[in-house]
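Encoded as structure tokens, the structure appears first; notes follow it.
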Amino acid sequence: MLSDARIFAVKIFDEKLATYPSILAEAIYWCINEKMNIVNLSLGVARDDKKVREAC
């Protein structure tokens, strides 16, 4: 069976495994623009961030 599914790996972390909330939000918007149906985020955040919340 052939599938039209595509898998993307979107890297937003560097050597420290830390990033800014604005970069996370930008990555989420990139996924939306690429028409992704499912986005699995394996991460944790220390506090609520308006940009990330709006992107979600």
Side-chain angles (χ1 to χ4, degrees):
M1 173 194 273
L2 295 177
S3 174
D4 292 335
R6 297 183 301 161
I7 298 174
F8 293 80
V10 181
K11 181 181 175 184
I12 62 169
F13 297 109
D14 204 358
E15 298 159 355
K16 295 188 300 182
L17 295 178
T19 192
Y20 295 102
S22 59
I23 293 174
L24 172 57
E26 186 177 327
I28 293 169
Y29 283 122
W30 184 86
C31 292
I32 293 167
N33 289 333
E34 292 295 317
K35 310 274 191 250
M36 294 183 190
N37 294 320
I38 298 171
V39 178
N40 178 22
L41 302 172
S42 179
L43 53 88
V45 293
R47 61 181 172 260
D48 185 36
D49 183 85
K50 182 179 178 182
K51 289 182 181 181
V52 174
R53 190 173 355 102
E54 288 173 353
C56 290

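If you're wondering where the values come from, they're calculated on a predicted model, not measured in any experiment.
When the side chain to side chain contact (heavy atoms under 4.5 Å, CB included) test is applied to Arg53, the partners found at least two apart in sequence or on another chain are Asp48, Lys50.
Scanning all heavy atoms of the two residues, the minimum distance from Glu34 to Arg6 falls at O-NH2, 3.8 Å.
Sorted by first and then second residue, the side-chain hydrogen bond (donor to acceptor under 3.5 Å, both in side chains) pairs involving residues 37-47 (not counting sequence neighbours) form an empty list. Residue pairs meeting the ring pair (Phe, Tyr, Trp, His ring centres under 6.0 Å) criterion with at least one member in residues 33-56: none, sequence neighbours excluded. Sorted by first and then second residue, the ring pair (Phe, Tyr, Trp, His ring centres under 6.0 Å) pairs involving residues 32-56 (not counting sequence neighbours) form an empty list.
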Identify each donor-acceptor pair in which a side-chain atom of residues 11-30 lies under 3.5 Å from a protein atom, sequence neighbours left out, and give them as a table.
unit_1	atom_1	unit_2	atom_2	d
Thr19	OG1	Ile12	O	3.2

